[in-house]
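Heads up: the structure comes next, in structure tokens.
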Amino acid sequence: MLDLRLLREQPDAMRAALERRGEPVDIESILKLDAEVRDLMTRRDESRAEQKRISKEVPRLEGPQREEAVARSKQKGAEVTECEGKLKPLQAELQERLLELPNVPDPEVPDGESAEQNVELRRWGEPRKESWMKDHLALAESLDLIDVKHSARFAGSRTYILKGDLVLLELAVLRYALDFIASRGYVPHSPPVMVRREAMEGTGYLPVGADQSYELTRDDGWLVGTSEVPLTAIHAGETLKEEDLPLRYAGISACWRREAGTHGKDTHGVYRVHQFTKVEQVVIGRNDRDETLKLHEEIVRNAEHVLQALKLPYRVVSLSTGDLGRQPAYTYDIETWMPGRGVYGETHSASRYYDFQTRRLNLRYKQGSQKPQFCHTLNNTVIASPRILVALLENYQREDGTVAVPDVLVPLVGKEVLG
RNA sequence: GGAGAGGUGCCGGAGCGGUUGAACGGGCCGGUUUCGAAAACCGGUGUGGCCGCAAGGUCACCCAGGGUUCGAAUCCCUGCCUCUCCGCCA
């Protein structure tokens with residue numbers, strides 16, 4: 001959520017910044033609503049102040065004087081009720097409109113209409129693509145490591161069954177990622193993946209984007225698409241102590257995505273699925289842009305470190321305004337080389353939000369007697385499976401049709417070759 | 001699923017219809033005292049909205065949302081959460 005004060009004070013600059021996302025933004029009608037709301041609030045408060053004054057007199061009065069005071073107080077009460085009747089729907093609408101606005105892209109975000117205009121920042125490793133290489137599904141099926149035919153029958157599209165050694169590899173890579181991120185001071189959390197509306201709304205996944213999440217209709221609940229949601233919501237409504245920041249959290253959880261609007265896209269194998277497991281890093285920091293930029297670099301480098309340990313070639317790109325999600329102000333994606341696809345595929349997404357999420361969550365901090373301020377938030381993937389398995393299988397396959405286990409995972413898998 | 005108890009400020013804990021933003025104790029901050037510290041004593045100690053250059057004014061907030069009343073932390077209803085007991089089940 002954006003700062004209403006900023007919208008009031010510099011509407012033109014805000015509109016221009018938001019419209020870089022390629023959609024027209026109607027700030028005027030929001031400001032009009034805001035003005036009406038404030039006017040009604042003033043009138044409401046004045047009536048209520050008068051009513052309070054009168055009703056304090058009541059116990060000291062008797063007879064007709066008392067009757068008269070009660071009547072006047074009642075009159076003021078009616079005015080209050082009238083103002084509130086008008087105020088409520090307007091406030092609800094204003095809140096709704098504010099929740100619908102996306103974040104302001106940072107000036108550094110490259111202009112663009114889509115992922116085509118994302119800017120590559122750096123590459124690591126040597127991408128390999130040999131003629132004998134298979135894609136991950138053909139490879140895994142030949143080794144009996146993935147079964148999508150049976151899962152489709154009883155669980156639907158975009159589902160999968162990992163089997164045999166691949167289960168060990170998945171657990172190993174998740175464990176490796178968790179151990180690594182914990183060693184960097186990120187406290188591991190295994191959070192609920194079923195959360196209330198407020199947590200989804202507070203992190204920006206609602207109301208816009210509701211069609212991307214699974215809603216539990218019998219109960220008040222939503223399945224999260226990432227543990228960013230529960231981890232960022234942990235301290236919602238609290239005022240943290242400045243000296244405790246930044247909080248570095250890691251989450252491991254199941255993640256659920258409806259993938260609405262992606263029919264026919266990435267349908268092969270387990271690249272794009274409805275349920276997956278992810279180790280995530282979340283940072284809750286001070287309202288300090290320089291520090292936030294440093295933390296952003298930190299979480300990207302953390303992920304790069306894991307990919308380098310796994311010896312997977314990757315590149316880092318800066319998302320353009322056309323590819324940037326609604327909540328982040330800036331996002332780096334890390335794309336890992338996938339020989340089967342012959343391209344780099346997105347495996348990580350590292351975003352900074354500034355105070356966009358914390359305004360929604362009412363998550364603040366303060367130092368001593370200073371005024372509370374909204375925290376900044378950031379997050380990034382550490383490892384997401386099965387997508388990372390696509391990269392591991394395809395990059396580690398050998399000409400004889402077997403798959404090697406990355407050195408750093410051998411102790412965790414308990415073997416050097418899959419199959 | 002059934003029965004009961006309860007949710008008050010940083011913490012503990014009063015208040016149960018009017019002058020209570022909230023007694024009292026603890027914590028924390030500042031001061032007095034001290035060579036220094038402890039103890040003691042004195043003072044201070046929430047957040048948000050609106051108006052205002054400011055000083056300040058005003059409204060709201062005692063889990064949340066409704067209601068009763070001239071007036072609610074206090075009464076009523078609903079929801080959420082916690083605890084105890086019973087049932088059921090991993």
Side-chain angles (χ1 to χ4, degrees), chain A residues 1-9 30-99 190-202 206 215-222 229-230 233-245 247 254 286-287 355 357-375:
Chain A
M1 189 154 70
L2 301 177
D3 186 353
L4 186 51
R5 210 163 275 151
L6 275 179
L7 288 176
R8 257 181 228 149
E9 287 165 9
I30 290 178
L31 292 181
K32 187 159 168 276
L33 262 176
D34 173 49
E36 288 178 58
V37 164
R38 283 193 292 162
D39 179 53
L40 277 167
M41 280 170 78
T42 306
R43 280 162 53 195
R44 189 263 320 263
D45 287 354
E46 281 167 358
S47 292
R48 181 128 57 197
E50 181 62 17
Q51 189 205 25
K52 283 177 75 165
R53 225 168 284 133
I54 298 168
S55 74
K56 270 183 188 165
E57 296 294 318
V58 168
R60 285 198 280 272
L61 302 174
E62 281 176 10
Q65 284 190 316
R66 185 185 174 111
E67 298 300 311
E68 194 264 344
V70 167
R72 274 194 298 140
S73 179
K74 222 171 186 168
Q75 167 62 26
K76 289 292 163 191
E79 286 175 25
V80 170
T81 306
E82 192 201 333
C83 283
E84 295 209 310
K86 291 179 189 164
L87 204 46
K88 261 197 190 142
L90 290 178
Q91 279 179 314
E93 195 187 336
L94 179 60
Q95 178 70 6
E96 182 75 10
R97 297 290 305 278
L98 287 173
L99 286 175
S190 177
V193 296
M194 197 178 99
V195 302
R196 294 242 173 85
R197 158 171 278 274
E198 297 86 85
M200 294 291 282
E201 207 167 76
L206 288 178
E215 180 178 9
L216 281 72
T217 52
R218 282 171 67 107
D219 303 284
D220 172 23
W222 293 74
V229 173
I234 287 175
H235 300 291
E238 296 182 4
T239 303
L240 304 171
K241 289 194 202 117
E242 187 192 33
E243 59 263 35
D244 293 336
L245 302 181
L247 297 175
R286 297 180 183 84
N287 198 309
D355 58 7
Q357 293 182 315
T358 57
R359 282 180 188 281
R360 295 167 163 250
L361 290 164
N362 190 23
L363 170 52
R364 300 173 300 167
Y365 72 96
K366 69 171 180 175
Q367 182 184 34
S369 56
Q370 284 178 356
K371 269 198 160 290
Q373 299 191 76
F374 288 106
C375 299

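Both backbone and side-chain heavy atoms feed into the values below; hydrogens, waters and symmetry mates do not. Numbered from 1 within each chain, the chains take letters A, B, ... in sequence-line order. Since this is a predicted model, take the numbers as computed values, not measurements.
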**OP:** May I ask you to say whether A:R43 pairs ionically with A:E46, meaning some side-chain N is under 4.0 Å from a carboxylate O?
**Re:** no
Original post:
Over how many whole Å does the gap from A:D45 atom CG to B:G56 atom P extend?
Top reply: 20 Å
**OP:** With RNA chain B as reference, determine whether A:K88 or A:G77 sits nearer its 5' end, using the nearest nucleotide of each.
**Re:** A:K88
Subject >> Atom-to-atom span, CG of A:L98 to P of B:G49 - whole angstrom >> reply: 13 Å
**OP:** Could you pull out the closest heavy-atom pair between A:E201 and A:R360, with the gap in Å?
**Re:** O-NH1, 2.7 Å
Original post:
Should A:R196 be listed as having a side-chain N or O under 4.0 Å from OP1 or OP2 of B:C81?
Top reply: yes
Subject >> Gap in Å between the two C1' atoms, one belonging to B:G26 and one to B:A14, rounded >> reply: 15 Å
Original post:
Do A:R286 and A:E242 sit within salt-bridge range, that is, some charged N less than 4.0 Å from a carboxylate O?
Top reply: yes
Subject >> B:A73 and B:U20, which share atom name P, separated by this distance in whole Å >> reply: 13 Å
**OP:** Round to the nearest Å and state the distance from A:N362 atom CG to B:A64 atom P.
**Re:** 13 Å
Subject >> Stepwise salt bridge (charged side-chain N to carboxylate O under 4.0 Å, His left out) test for A:E57 and A:R53 >> reply: CA-CA 7 Å; A:E57 296 294 318; A:R53 225 168 284 133; over 6 Å; no
Subject >> Interatomic spacing from NZ in A:K366 to SG in A:C375 - rounded to 0.5 Å >> reply: 13.0 Å
Original post:
Quick one: A:M1 CE to B:G48 C1', roughly how many Å, whole number?
Top reply: 13 Å
Original post:
Does a side-chain N or O from A:R5 land closer than 4.0 Å to OP1 or OP2 of B:G49, or not?
Top reply: yes
**OP:** Kindly say if A:R48 contacts the phosphate of B:U58, meaning a side-chain N or O under 4.0 Å from OP1 or OP2.
**Re:** no
**OP:** Could you work out the separation of B:U33 and B:C41 based on their C1' atoms and round it to a whole Å?
**Re:** 9 Å
Subject >> For B:C41, the Watson-Crick or wobble counterpart (both distances under 3.5 Å) >> reply: B:G31
Subject >> Selection from B:C59, B:G48, B:G66 that lies nearest to any side-chain heavy atom of A:P372 >> reply: B:G48
**OP:** With P as the reference atom in both, quote the distance from B:G4 to B:G15 in angstrom, rounded to an integer.
**Re:** 24 Å
Subject >> B:G7 to B:U74 separation - P atoms, rounded to the nearest Å >> reply: 12 Å
**OP:** Could you tell me whether A:K241 contacts a base, only the sugar-phosphate backbone, or nothing, with contacts defined as non-hydrogen atoms closer than 4.0 Å?
**Re:** nothing
Original post:
When the distance from CG of A:D39 to P of B:C59 is rounded to whole Å, what number comes out?
Top reply: 18 Å
Original post:
What's the CD-P distance between A:E67 and B:G71, to the nearest Å?
Top reply: 15 Å
Original post:
When all nucleic acid strands are considered with a 4.0 Å heavy-atom cut-off, which category describes A:R8: base, sugar-phosphate, or nothing?
Top reply: sugar-phosphate
**OP:** Would you mind pulling out the nucleotide paired to B:G18, Watson-Crick or G-U wobble, both distances under 3.5 Å?
**Re:** B:C70
Subject >> 5' priority, RNA chain B, between A:E46 and A:R364 [closest heavy atom] >> reply: A:R364
Original post:
Does a side-chain N or O from A:K366 land closer than 4.0 Å to OP1 or OP2 of B:U47, or not?
Top reply: yes
**OP:** Quick one: look up who B:G1 pairs with, Watson-Crick or G-U, both distances under 3.5 Å, and put none if it's unpaired.
**Re:** B:C86
Original post:
Hey, is the main chain of A:L2 close enough, under 3.5 Å, to the side chain of A:R359 for a donor-acceptor pair?
Top reply: no
Original post:
Mind checking the P distance from B:C10 to B:G6? Whole angstroms is fine.
Top reply: 24 Å
Under 3.5 Å, which N/O atoms of the protein pair with N/O atoms of nucleotides 15-21 of chain B?
| from | atom 1 | to | atom 2 | distance (Å) |
| --- | --- | --- | --- | --- |
| B:G18 | N2 | A:S55 | O | 2.8 |

Subject >> Interatomic distance, A:E243 CD vs B:C10 P [rounded to whole Å] >> reply: 16 Å
Original post:
Taking the side chain from A:D220 and the backbone from A:R196, do they hold a donor-acceptor pair closer than 3.5 Å?
Top reply: no
List the atom pairs, with distances to 0.1 Å, where a side-chain N or O of residues 82-89 of chain A and a protein N or O form a donor-acceptor pair under 3.5 Å, not counting sequence neighbours.
| from | atom 1 | to | atom 2 | distance (Å) |
| --- | --- | --- | --- | --- |
| A:E82 | OE2 | A:K86 | NZ | 3.4 |
| A:E84 | OE2 | A:R44 | NH1 | 2.9 |
| A:E84 | OE2 | A:R48 | NH2 | 3.4 |

**OP:** Would you mind pulling out the nucleotide paired to B:G6, Watson-Crick or G-U wobble, both distances under 3.5 Å?
**Re:** B:C81
**OP:** Rounded to the nearest 0.5 Å, what's the gap from CD on A:E238 to CG on A:L361? Could you check?
**Re:** 11.0 Å
Original post:
With rounding to whole Å, what would you report as the distance between B:C42 and B:C24 at their P atoms?
Top reply: 12 Å
Subject >> Gap in Å between the two C1' atoms, one belonging to B:A37 and one to B:U45, rounded >> reply: 24 Å
Original post:
A:L240 CG to B:C10 P: how many Å, rounded?
Top reply: 13 Å
Subject >> Pairing nucleotide - B:C24, Watson-Crick or G-U, each distance under 3.5 Å >> reply: B:G12
Original post:
At under 4.0 Å between heavy atoms, what does A:R53 touch on the DNA or RNA strands: base, sugar-phosphate, or nothing?
Top reply: nothing
**OP:** Could you tell me the separation between the CD atom of A:Q373 and the CG atom of A:L363, rounded to the nearest 0.5 Å?
**Re:** 12.5 Å
Original post:
At under 4.0 Å between heavy atoms, what does A:Q51 touch on the DNA or RNA strands: base, sugar-phosphate, or nothing?
Top reply: sugar-phosphate
Subject >> Sugar-phosphate, base or nothing in reach of A:K76, heavy atoms under 4.0 Å >> reply: nothing
